[in-house]
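Keep in mind the model is a prediction, meaning the values are calculated, not measured. Hydrogens, waters and symmetry mates play no part in the numbers below; they use all other heavy atoms, side chains included. Letters A, B, ... are given to chains in the order of the sequence lines, protein chains preceding strands, and every chain is numbered from 1.
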Protein chains: 2
Amino acid sequence: MAKRSRSLSSEEPLPSKGEQTRALILETALEMFSERGYEETTMRAIAEKAGVALGNTYYYFRSKEHLIQAFYERLHELHREACAPILEKERTLKGRLHGVMRAILRNMEPYHQFAAILFRSAADPHSPLNPFSRESEHVRRESIGWFAEVLKGTRTHIPADLEAELPSLLWLYHMGIVLFWIHDSSPRQARTHRLMEHTVDMVVKLITLASLPPMRPLRKSTLQLLASLREDVA
Amino acid sequence: MAKRSRSLSSEEPLPSKGEQTRALILETALEMFSERGYEETTMRAIAEKAGVALGNTYYYFRSKEHLIQAFYERLHELHREACAPILEKERTLKGRLHGVMRAILRNMEPYHQFAAILFRSAADPHSPLNPFSRESEHVRRESIGWFAEVLKGTRTHIPADLEAELPSLLWLYHMGIVLFWIHDSSPRQARTHRLMEHTVDMVVKLITLASLPPMRPLRKSTLQLLASLREDVA
DNA sequence: GTCTATAACCGGATAGAC
DNA sequence: GTCTATCCGGTTATAGAC
């Protein structure tokens, strides 16, 4: 998260002035949000602490909500880093799914209080933060990609029709767990972890069951229902 | 929805002046919300159209959001009226559950656009509109009560342990459908209706299955998990 | 307790000059 | 890219009338 110094010849493009200012504003905002809370942190205060003019913060972030969008993307990067080693180590479906889910919950833990705001906006179909929105599409696609990885790395046999649909379904499952997590006021969100562990078990059993040849008709008709429900969530 | 005239001797308490003013403000606000949208309707405009002073709207509604809370309660009354006849007529579990769910979706239909705002706030664990909040407790309890009614009126045998838990679970199921509904942009929310019809079927089959004697151990352990997850959602 | 009128505060957002 | 000035609307405050 620390900004790399400008010293050198790394092959990555060096941050332009604008990128630096943008980063400065974002850092300042996130820091203040977690210290005082979202509502209590005014755009004016962010600008002042960051040493820029109010108008300038709006040059880089279209609205206060967009600062949260930026936070969301950063959280997503944390998830990416946390999931990669798990997907290299674990070889069972259960181990992989459980590992990924636990990593995600752990990453979010410091932001539990603050995340409520994120998901308030996320529930609004018109907000850019809505997980189904165009703005969130990139993040969503990549997340779904991780769940595809979860499936690919195991030796569990899964029929192709189901395997095509499962990544989106697992992503949806993970959103459900996150929704529970937001409302979970137990210490360190222990309840959510319990729910997650039990449901991961159930999900894995269900996948195994649904992959059995005799289940083919039921599986087909269920997948058909899903197809007919899909908007462009993919 | 029309305000009864003051003419008479009905046994209901006649609305006091204050109640009339309150109702006037609420009617005006809801009308404007559905015409122009929530964000576009200012408190000043509501007050002006209702012919009261701005301060007076705040006398009756602590905030703009509380106007939505009032709408939520009104919607709940619509649901109550729509569900009662269904629970008198239908005698099968499937018929009752399906009827109730369809009635709820139909009632909400005119407010699809507008309901997004409601649920944006509802997703915030700190908002009074959150379905798990103290302010929503009365409405939630009554809703859960309807689902208890759905179960009681059938001849389907359901073991006591499951029957105790089911109303809350069905309520949760119904919240899930509503969540889908909010994000459903298909004409007349046709997708949601399709989802509802299929899942009502599945839920009924699942209940029947879970009620079978051989399922007792699995049922018990699942109910135990649920108990351990419960905060005070009841 | 119900209501009016008016002014002010506060903070998110925008316009336009440099 | 950055700034200052301004707008706009939710909310609050005040002082007084019925």
Non-neighbouring partners of [X] that pass side chain to side chain contact (heavy atoms under 4.5 Å, CB included), sequence neighbours left out:
X: A/Phe71; answer: A/Leu30, A/Leu75, A/Tyr111, A/Phe114, A/Leu118
X: B/Glu39; answer: B/Ile117, B/Arg120
X: A/Leu206; answer: none

Name all residues meeting the side-chain hydrogen bond (donor to acceptor under 3.5 Å, both in side chains) criterion together with [X]; count only those two or more places apart in sequence or in a different chain, and write none if there are none.
X: B/His193; result: B/Arg106
X: B/Ser143; result: none
X: A/Thr222; result: none

[N] phosphate, OP1 or OP2: any side-chain N/O from [X] under 4.0 angstrom?
X: A/Asn56; N: D/dG1; value: no
X: A/Tyr59; N: D/dT2; value: no
X: A/Thr21; N: D/dT2; value: yes

Checklist entry - Are the side chain of A/Thr21 and the backbone N or O of A/Lys17 linked by a donor-acceptor pair below 3.5 Å? => result yes
Can you tell me the distance, in whole Å, between the [atom1] atom of [X] and the [atom2] atom of [N]?
X: A/Ile46; N: D/dT2; atom1: CD1; atom2: C1'; answer: 17 Å
X: A/Glu40; N: C/dG12; atom1: CD; atom2: P; answer: 11 Å
X: B/Phe61; N: C/dT2; atom1: CZ; atom2: P; answer: 13 Å
X: B/Glu19; N: C/dG1; atom1: CD; atom2: P; answer: 14 Å
X: A/Glu39; N: C/dC10; atom1: CD; atom2: P; answer: 17 Å
X: A/Glu48; N: D/dC3; atom1: CD; atom2: P; answer: 13 Å

Item to check | Nearest-neighbour nucleotide for the A/Thr42 side chain, D/dT4, C/dG12, D/dG10 considered | outcome: C/dG12
Checklist outcome for this item: Per the under-4.0 Å heavy-atom filter, residues of residues 28-37 of chain B near DNA chain D come out as none
Next on the checklist: So A/Thr41, base contact, sugar-phosphate only, or nothing? Heavy-atom distance under 4.0 Å.
Outcome noted: sugar-phosphate
Checklist entry - Can you pull the salt bridge (charged side-chain N to carboxylate O under 4.0 Å, His left out) pairs that have at least one residue in residues 169-180 of chain B, sequence neighbours excluded? => result none
Checklist entry - Does a salt bridge link A/Glu48 with A/Arg44, judged by any charged N lying under 4.0 Å from a carboxylate O? => result no
Checklist outcome for this item: Contact string for nucleotides 11-18 of chain D, one letter per nucleotide 5' to 3', B = base within protein heavy-atom range under 4.0 Å, S = sugar-phosphate only, - = neither, reads BB------
